[in-house]
Each structure stands twice: as C-alpha cells, then as structure tokens.
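Note sheet for the following structure.
Chain letters run A, B, ... following the sequence lines, proteins first, then strands; residues in each count from 1.
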Amino acid sequence: MLIEQIIKEKIAQAVHQLYGQEIDAEKVQVENTRKDVEGDLTVVVFPFLRISRKSPEQTANELGQYLQEQVDEVASYSVIKGFLNVTISTSYWINQLAQAFSDSNYGFTEATDDSPLVMVEYSSPNTNKPLHLGHIRNNLLGFSLGELLKANGKRVVKTNIVNDRGIHICKSMYAWQQWGEGKTPENTGIKGDHLVGDFYVLFDKHYKQEIEELVAKGASKEEAEQQAPSIIAARELLRKWEAKDPETVELWQMMNQWVYAGFDVTYKELGVDFDKIYYESDTYLVGKDEVLRGLQEGIFTRRDDQSVWADLSADGLDQKLLLRSDGTSVYMTQDIGTAKLRFNDYQIDRMVYVVGNEQDYHFKVLSILLDKLGFSWGKDLHHFSYGMVELPHGKMKSREGTVVDADDLMAGMVEVARKTSEELGKLDGYTEQEALETYKTIALGALKYFILKVDPRKNMMFNPEESIDFNGNTGPFIQYTYARIRSVIRKAEEKGIVPAIDFDQSLRISEKENELIKTISLYPATVQEAADSYSPAVVANYVYNLVKEYNQFYHDHSILNEEDENIRRFRLVLSTTVAQIVKSGMGLMGIRVPERM
RNA sequence: GCCUCGGUAGCUCAGUUGGAUAGAGCAACUGCCUUCUAAGCAGUAGGUCAUGGGUUCGAAUCCCGUCCGGGGUACCA
C-alpha cells in the first residue's frame, strides 16, 4: 500500500480515537511537503479543528504523535503554522527506489485481451496541401495520447480519416489541368504534397483575380464569388467526380497519390503512425445512407428545396444541415459514415477524436446525431479539443502563405541541431550516419517537447523568428541529462561496476538524493493522471522536474568516484533509474533519447 | 447579438480535488570546467495572478458582474 494511503487511514483512525468522530479516510488531505520545509508528506489539519475544538498546533501535534507511534514508516514529524509535516523513514524510500529500479515496466499497466478498446482519431488531413505546424500539434498530441492510454492498460487503435474528396482537391486538380504543364513530383523534384499545394495556391490566385474583374464590371462580391470561371470549373470537376467520370477519377487518383507519398515522408520524420486509415471517399456515401435512413425514420426533415436537416432545438442547439439541396454531403455527413464503418470494424469501447477546439460545436452536434441515429456509443464519444497554434501576427492561413510548413520546420531544426553539435564537438568519432540520427533525435526532441509541454486545451504561441530553444525547459535539456547518465553507466561497465540493489539499506542518503527518490516514486501516479486528464503536458512537466533535480544531484555528488562502495552502488542505481524513467516518459511523448550528445 | 474558451514576471509557459512566502525557462546581469558530458550548476533582478464584488479558517484556483482577446454561430471543412 502507498504510504499516502496508510497515512490517510491512520489519521482517520486517530481523529476517531482522539476526538470521537468518524471521518472518511479518503477526505483526509495529504500532500507532498513544500520543498523548503522539512518533511515528506503534509497533512492538512484545518478541517479537523471543528472536531478537535483545539488550536491547529495542538491538533497537529496530537495527530503527529499518534502517527509516529502507530506507523513504522513515520520517522518523525513537525508542526509549522498548523501544518503537520511527516518525515518518512529512509529505508522506506530506498525500498521505493529498489522497486522502481527492478520494474522494467515501472509506472505502466499492461493491457490484456479484456482491456477496453479505445480508438484515437488524429491527423485527419485534407489532400490539397502539405502539413503545417497546426497539423504537427495535432499529430503529436494524438500519438502521445495513444501511448498514454496504452501505458494505462487500454488497447488502442490509432486511426486517421483522410479528407481526400471535395471541392478543395478539385481546386488543385483544376489548376493543374489549366496551368500544370504536365508537372509531376518526378519531373520537378518537388515533394508531392507541396506540388499539389502549389496548385491550390495558384487556383486561389486566379480565382481572386477573376472575382476582381467581375466586380470591376459591376457584379456584387457575392455574385462574383459564385460566377468566377475557376470556381464553376472546380464545381464541375466535383460533379464529374461524384458521377465517377473516368478521366476525373484518374486525375484525382494521381494527384492524391502524390500527396500520400509526401505525407508518408512527413509522418515518418515526425515518428507517428496509424493502425487503420479511413478515406472520406469511402465513407461519405455511407454517411449519406445513414442520413437518408434517419429521414425515413422521421429523425430528420426534408425542406422544399430538398435539403435535409436535423432539428436540435430540443437539445438547446440550432437546425443543422446534413445534405445540401443538390444532394451532396457536408462534413457532418461524412463523419457519421466514418463512425459507422469504424464501429463495424472494431469493438470500440470509447472513441476519441483529436480535433481542434474550433470544432467544439461540430462534435457536440455529432454526438447528438449519432445518438439519435441509434448508435449507443454516440452519446459519450470524446472530443479531445486542443487549442490553436498562433503566430505573432495571428492565425495560420494556407492560402495567404502565413503557414509554418511542417517539412521546412523539421529540416530547419535538424540544421540547428547539427550546428550546435558540431560547435560543441560532442559527437566526434561518430559516423556521418550516426551523427545525423542524433541530430534528428535532438531536433525532433526540441520540437515535440516545445509543443507537448503546453496544456493541450490552451492556445499556444509560436514565433518563427525565434528558433526553438535547446537550453532550459526543453527537450534537448532532458535528452542531455539522459546522455550524461548513459555515459556514466558505460564507464561503470568498463570498470566492471554493475548497478544492483544489494547495497546496505541502512546507508545514509543526502537530502537531494531523498528528493530524487520521492520524485521517482511519483511517476506511476503521474502517468495515470496524464492519461486520465488526456494531457501529455503532465508527463512533460514531470520529466523536466525530475531531470532538473537529477542535474543538481549530479553537480553535487560523485557517482563512480565515490569511495564508499555502498554509496557508489546506490548512486549508480539511482542514476540508472532516473535514466529509465526519462526514457520511458519521453517515449510517452514520442521523443527518443540519445546515447551521446 | 448569442454560445464557448481564455487573461499568471518584458517574452513563452507551470501551478493537482481551494492550503503555508505564486514557480520554471528565455531575455539581462554575476559567479563555477586539471575530477563521471558546462546543451550543465549556483546567484541577482523581475508579480495589484485582467478588474470589482462574493463564498470561508484560507482563493491564481469556486460563484456573480465588468473589461480585453481567441474560436464558433443553419448549404466551408
């Protein structure tokens, strides 16, 4: 049993015996003692004053006395400003360290065949443009969330819905037909997703120009937007595609293939993957059928212009369009179809959608609609709603070129990592291949940590003018600590010193060492909390704190040069355990750790 | 207008279910490498937790009002 739990129960017991009133042990407030105060755990006694009818100091002292007599692990206690600070015995902490050290799966709960199955949807790109920083946040959060859920004993299926059809890709297709001059990724050397994205931008340029010309001739802006030749042509392509016109479908397939090849490269660099990928072109008709079924069953209504609507006013929401008057699908229709296919394919206990908070309303509606359509799981689908990445001048807009491109960003960071490493000369002796791997590890570590350390729900700021830091509260700082420990461990191996927990349990440890073990012992609860609150940031903050404490220890203590063999072995075990947790925690964020840097 | 999320140091962010003197990093300034990696460690300076009220032993945290900002708001995704 955890010491915290023991204290809670003993305090409840003490209150009963000393003051004659039963209280709920779970309600007893036990927290970690502040750093600047002596002690390990603090019991908040204020809620008991009404029962004890004594001063905070006296109450705390009486309870402290009781604890010390009744609980072996309680070594001493002190009372400061009415707070009861309890000091736990060193042997307890050393035992905690030994357990963490020997458990290769420390902090994790393994899934079994009976464990709940969680499907996590993330990424969900459109196929008309390359990935940007906003997608990076989505991908990193989605991947990390999957790892967190796995670490918490869930079976996880990572999935992606590729929005491969619709007016957006038709715009790129039309631009390529008109002005493409037969360009391909092969004959231009341009990455496929970027090439298609270039045509999307080109479309918009022409479209805007046409609108201007029409307005100059006296049309209203709204009319011009509807009547511009480019948009009419793109709509015609969409219509032909839905009618399965062979030439159009072929063009669509070709350009989508270019994009997929490009995405694959980006996903691989980013280190994310999927167990099952769905395509909107396969799901939108299923959604349409579901909507029509709903119409027949009287859940939805058809208007005079043939459009189909859901009336959600009973749920406090508005009317929602499900099929346009021309019979074509909207975003919502497609999501209904995708959901149906997924739940046919897997025995899903919980569905999680990693999608930005700009779509909060959409998922509220989706949940209600799925419920109305009779899907039992609709009501409690979970929208993992994360904040946007903002630039100093505002939102990212693809068409206006104010995006931070994912590939460019990663490549730029690898260069910074290379430069820094070369200046410091840390990788001398590595082959070019080994060195490049390390640059990538560091660069991606910096990027991923930068994004994941922020509370997912909040918007975050990225300034492209300032490169992402490699010092301080950063990924490389954490990786560096890992590399230093690995270096010590390699040296220990050379000297034949093996980390083992056969040190004398009565040894005296320093305050910093005790502090470190306490932090180590918090890892399992941290992993749990991160998964429960869907927040990789909880892990990020924990690992940073752990590493910061370790660096202080490292600075003040010798490990291999320590003369006392007992202490030397203890410190090696301590260091090894910290390295294990750093690797494990970073792994939960999809961040690798280097042997050297 | 309505709905919704947010506002903590110059900048970027932490701050568990309300607990002690609100913490990190960056930027600025100052020290520490003949000893296991200085991408490190230590220190100085920096705050009316947007604002006004309320709840109570105690509020950055909970409730209400106001100001400011993001997002959404019926044929975009």
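Nucleic acid contact for A:R596: base, since at least one base atom lies under 4.0 Å from a heavy atom of the residue. At a threshold of 4.0 angstrom between heavy atoms, the contacts of A:E26 with the nucleic acid are absent. Nucleic acid contact for A:Y331: base, since at least one base atom lies under 4.0 Å from a heavy atom of the residue. Within the 4.0 angstrom heavy-atom criterion, base atoms lie near A:N85. As judged by a 4.0 angstrom heavy-atom cut-off over every strand, A:V454 is placed among residues touching the sugar-phosphate backbone only. Residue-level contact check: A:K491 touches the backbone only, with heavy atoms under 4.0 Å from sugar-phosphate atoms and none from bases. Within the nucleic acid shown, A:N126 comes within 4.0 Å of sugar-phosphate atoms alone, with no base atom in reach, counting heavy atoms only. Base engagement by A:P47 is indicated by at least one non-hydrogen atom pair under 4.0 Å involving a base atom. Counting any heavy atom pair closer than 4.0 Å across all strands shown, A:Q359 reaches a base atom. Within 4.0 Å (heavy atoms only), A:Q334 reaches no atom of the nucleic acid at all. Within 4.0 Å (heavy atoms only), A:I80 reaches at least one base atom of the nucleic acid. Looking at heavy-atom distances under 4.0 Å, A:S533 makes no contact with the nucleic acid at all. Counting any heavy atom pair closer than 4.0 Å across all strands shown, A:M597 reaches a base atom. Using a 4.0 Å heavy-atom criterion, one finds that A:I442 contacts the bases of the nucleic acid, with or without backbone contacts as well.
A:E529 and A:Y542 are not linked by any side-chain donor-acceptor pair at a separation below 3.5 angstrom, with hydrogens and angles left out of the test. Side-chain contact annotation: A:S172 with A:N128, donor-acceptor N/O pair under 3.5 Å absent. A side-chain donor from one of A:Q5 and A:E26 sits under 3.5 Å from a side-chain acceptor of the other.
To the nearest whole angstrom, the two C1' atoms, one in B:C49 and one in B:G18, are 15 Å apart. Look at the P atom in both B:A24 and B:A9: the space between them is 15 Å, to the nearest Å. Across the P atoms, B:A22 and B:A38 are found 34 Å apart, a figure rounded to whole Å. For the P atoms, the distance linking B:A28 with B:U73 amounts to 43 Å, nearest Å. Nucleotides B:G15 and B:A50, compared at atom P, are 15 Å apart to the nearest Å. On the C1' atoms, B:U44 is 31 Å away from B:A59, given to the nearest whole Å. Taking the P atom of each, B:G69 and B:A60 are spaced 26 Å apart, rounded to whole Å. Comparing the P positions of B:G6 and B:A14 gives an interatomic distance of 12 Å, to the nearest angstrom.
With A:Y430 as the aromatic partner, A:R596 meets the cation-pi criteria of under 6.0 angstrom to the ring centre and within 45 degrees of the ring axis.
Rounded to the nearest 0.5 Å, atoms OG (A:S535) and NZ (A:K453) are 13.5 Å apart.
Using bins of under 30°, 30° to 60° and over 60° for the plane-to-plane angle, the ring pair A:Y550/A:Y554 lands in the tilted bin.
Within the 6.0 Å centre-distance limit, the rings of A:Y544 and A:F477 are counted as a close aromatic pair. Less than 6.0 angstrom separates the ring centroid of A:W241 from the ring centroid of A:Y284. A centroid separation of less than 6.0 Å is found between the aromatic rings of A:F363 and A:Y353.
Of all heavy-atom pairs spanning A:L572 and A:L560, the tightest one is CD1-CD2, 4.4 Å.
Comparing A:K81 and A:Y361 along RNA chain B, the residue whose closest nucleotide (by nearest heavy atom) sits nearer the 5' end is A:K81. For the pair A:F83 and A:W309, nearest-nucleotide mapping onto RNA chain B gives the more 5' position to A:F83.
Checked options A:R569, A:R568, A:R571; the residue passing with A:E562 is A:R571 (criterion: salt bridge (Lys or Arg N to Asp or Glu O under 4.0 Å)).
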Pairing annotation in dot-bracket form, given for RNA chain B with Watson-Crick or G-U pairs under 3.5 Å and | for cross-strand partners
(((((((..((((.....[...)))).(((((.......))))).....(((((..]....))))))))))))....

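In B:C67 the O4'-C1'-N dihedral to the base is more than 90° from 0, which defines an anti nucleotide.
Protein chain A touches strand RNA chain B; the 5'-most and 3'-most nucleotides with an atom under 4.0 angstrom of its non-hydrogen atoms are B:G7 to B:A77.
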